[in-house]
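Below you'll find the structure, written out as structure tokens, and then a few comments.
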Number of protein chains: 2
Amino acid sequence: MWKRIVLYGTLLAAGTLLLQWLDYQRLVRSHIGDVYVFLIAGGFLVLGVWLGARGIARPAPRAFDGNPQAVAVLGLSPRELQVLEELLAGRSNQEIAERLGVSLNTVKTHVARLLEKLGAKRRGDAVARARELGIVR
Amino acid sequence: MWKRIVLYGTLLAAGTLLLQWLDYQRLVRSHIGDVYVFLIAGGFLVLGVWLGARGIARPAPRAFDGNPQAVAVLGLSPRELQVLEELLAGRSNQEIAERLGVSLNTVKTHVARLLEKLGAKRRGDAVARARELGIVR
DNA sequence: GCGGCAATCCCCCGAAAGGATGATTTGCGT
DNA sequence: ACGCAAATCATCCTTTCGGGGGATTGCCGC
């Protein structure tokens with residue numbers, strides 16, 4: 001983050017210096033000054049396009065943060081989120097139990113709580129809702 | 001497309017006129033001219049950011065095709081694809097039967113064929129695989 | 001016309017999933 | 001020290017899924 005700010009700041013400084021230089025040139029030969037004005041405008045336009053493309057377009061492809069807001073509102077515990085990931089992968093309760101190193105009964109209670117917290121009647125339903133809420137990808 | 005070109009052209013022309021005016025002002029009161037230079041640079045920078053954000057970032061959210069290749073290779077029938085969509089939504093066999101206007105048994109056979117064609121043991125597994133293959137979103 | 005295929009429906013049965021509770025342990029904040 | 005939430009495991013019971021058959025209809029290509 002700071003790296004990018006420094007980068008952009010440097011670019012701005014460079015652009016400013018360029019402007020100063022161009023301004024000087026323009027004062028010396030004032031007849032062709034309009035050319036430099038266009039160069040300045042074009043240069044900053046290109047710079048802006050570049051910044052916009054990689055700065056603003058970055059968050060456009062949807063950053064999957066796991067949507068902490070929704071998680072907090074629903075009151076999903078860390079363990080339940082883990083189980084939710086397993087559900088997303090289409091695993092059975094038994095598989096989840098083995099992968100998480102807990103008993104089948106424990107997985108069943110976690111799944112049951114996920115179902116009620118997400119307002120779902122089936123595990124597939126829970127996955128679909130979680131995806132809509134942006135909790136999982 | 002032409003609409004946008006005309007729009008951008010108009011914006012450029014307006015910016016040029018602004019530049020001309022600012023240039024005149026600068027010549028009159030040459031001491032505060034640097035302020036205008038910064039305004040010009042900033043204005044075009046903002047314009048460029050705007051253009052870059054909505055022009056270049058446009059093709060980023062790529063279209064979803066449904067991956068006909070994978071469907072053909074797996075030999076998935078149209079009806080099976082319909083059922084697959086229902087599975088993605090997390091619906092039960094009974095719900096799917098009602099929504100598609102067929103019997104529960106029919107849905108079960110469709111699901112069973114989807115499972116074997118997708119190499120899945122559970123419906124959730126089938127959904128996960130179909131998503132990986134790009135058949136569904 | 002016959003073979004193949006998609007789509008439809010049926011039955012049986014075992015396995016998986018879900019609902020309803022209850023209980024224990026552990027860590028965390030007041 | 002106490003209360004609370006999370007995590008854990010359990011039991012009993014019902015519903016849903018999935019696997020194994022089998023069967024019919026309609027359409028398409030050879």
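Below, chain A is the first sequence line, B the second, and so on; all start at residue 1. Just the heavy atoms: all of them, side chains too, but no hydrogens, waters or symmetry mates, feed the values below.
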Take atom [atom1] of [X] and atom [atom2] of [N], then tell me their distance rounded to the nearest Å.
X: L100(A); N: dA6(D); atom1: CG; atom2: P; answer: 17 Å
X: L76(B); N: dA7(C); atom1: CG; atom2: C1'; answer: 15 Å
X: E80(B); N: dA7(C); atom1: CD; atom2: P; answer: 6 Å
X: I96(B); N: dT8(C); atom1: CD1; atom2: P; answer: 13 Å
X: H110(A); N: dA6(D); atom1: NE2; atom2: P; answer: 11 Å
X: D125(A); N: dC17(D); atom1: CG; atom2: P; answer: 11 Å

On DNA chain D, more 5' by nearest nucleotide between V102(A) and K117(A) is K117(A)

Any donor-acceptor N or O pair under 3.5 Å, side chains T109(A), T106(A): no

Least distance between heavy atoms, [X] atom then [Y] atom:
X: E80(B); Y: L114(B); value: O-CD1, 3.5 Å
X: A120(B); Y: A126(B); value: CB-N, 3.5 Å
X: R122(A); Y: G90(B); value: NE-O, 3.1 Å

Would you call I135(B) and L76(B) a side-chain contact if the rule is heavy atoms closer than 4.5 Å? yes

Using atom names, set out every protein N or O paired with an N or O of nucleotides 15-20 of chain C below 3.5 Å, distance rounded to 0.1 Å.
{"unit_1": "dA17(C)", "atom_1": "OP1", "unit_2": "N93(A)", "atom_2": "N", "d": "3.4"}
{"unit_1": "dA17(C)", "atom_1": "OP2", "unit_2": "N93(A)", "atom_2": "N", "d": "3.1"}
{"unit_1": "dG18(C)", "atom_1": "OP1", "unit_2": "R123(A)", "atom_2": "N", "d": "2.7"}
{"unit_1": "dG18(C)", "atom_1": "OP2", "unit_2": "R123(A)", "atom_2": "NE", "d": "3.1"}
{"unit_1": "dG18(C)", "atom_1": "N7", "unit_2": "K108(A)", "atom_2": "NZ", "d": "3.4"}
{"unit_1": "dG18(C)", "atom_1": "O6", "unit_2": "K108(A)", "atom_2": "NZ", "d": "2.7"}

Heavy atoms from C-beta onward define the side chain here; which of dT8(D), dC9(C), dA7(C) lies closest to that of R79(B)? dA7(C)

If the threshold is 4.0 Å, N to carboxylate O, is there a salt bridge linking E98(B) and R91(B)? no

Think N105(A) has a side-chain N or O under 4.0 angstrom from the OP1 or OP2 of dA10(D)? yes

What contact category does T106(A) fall into here, base, sugar-phosphate, or nothing, at under 4.0 angstrom with non-hydrogen atoms? base

